[in-house]
Amino acid sequence: MTIDDRYRFLQSLSPRAGAYALDFWRRRAELVVELKGPQDFVSHADRAVEAMIRDEIARAFPGDAFLGEETANAIEGTPERVWIVDPIDGTHNFLRGIPYWNVSIAYVERGVRTLGAICEPVAGAVYHARRGGGAWRTDAEGETRLAATAATTLPGSLVCVGHSDRFPDLRYLALRSALMDHEVAFRNFGCAALQLAHVAEGRYDAYVELELSSWDAMAGLLLVEEAGGYVAPFPGPQGLGVRAPVIASAAGIGPSLHTLVREHAGIA
Ligand code: LIP
């Protein structure tokens, strides 16, 4: 089974998983919401979408490993072939009826993010990439090649700053203050993978979050790389199972943004 086989499979699976999640979204009033921790929500929808994706991958590629948000206990090292899945990224948005959430699926081979697909069902779009093959948006209008913005200076740029509502993190106050000092506009739309896809699409100049899991970030980071953008090393040396900082941006502002985050938010 080649990378192309897996890419074709992914381009078929992503919109079907998105449609399954969209059906739950339309009937979200029926969902029982559970708390995994402070501001950390989950429902039957997250679990059912993940199970559907996991079953399809296990049938098509029985030897491949699987790391999904709702079933991830621990992952030792980096399996040779592993699929990394966030069944509903932006779960809080999803449960509150905010139309900004997605289904994120990445494929990592020998530690290298190789394939990625982010389905935004509410917009009828799938963002996808194959390493070396560019980043694309597929929707009713057809296929569009993606490119990050041509921003070259921080002043005047628009940076999305994701942060978890699950624990207070004062580093974000210092980061936002530094961004303001550099005349940078910032937003947080509440789900990492879709904000990364929209950086690849050139809607925003950058995305920063100080701690993210692999399932939130891997597919989106490949999209930004294949759209000609800058991506800071991710995950960290501890591997796929450990949360790490994410910085992804237009190539022209990557190094200066990384320096700013390093100096003001204390990341390596
Ligand atoms: C969320 C991310 C968001 C982050 C949250 C959470 P989930 O993913 O999209 O950027 O701030 O802590 O990780 O839980 O909705 O899949």
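Numbering of ligands and ligand atoms starts at 1, following listing order.
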> To the nearest 0.5 Å, how far apart are CG in L67 and CZ in R54?
Replying inline: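 Here the interatomic distance stands at 9.0 Å.
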>> Tell me whether the rings of W83 and Y107 are parallel (<30°), tilted (30 to 60°) or perpendicular (>60°).
In response: tilted
> Aromatic rings F94 and W25: how do their planes relate, parallel, tilted or perpendicular, breaks at 30° and 60°?
Replying inline: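 Ring orientation, 0 to 90° scale: tilted.
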> Just wondering, more than 12 heavy atoms not from R16 lying within 6.0 Å of its CZ?
Replying inline: yes
> Quick one: side chain to side chain contact (heavy atoms under 4.5 Å, CB included) partners of A58, sequence neighbours excluded?
Replying inline: none
> Under a 4.0 Å heavy-atom cut-off, which residues neighbour ligand 1?
Replying inline: E69, D86, I88, D89, G90, T91, H163, S164, R166, C191, A192, Y207, E209, D216
> Under 3.5 Å, side chain of D205 to main-chain N/O of L158, donor-acceptor pair present?
Replying inline: yes
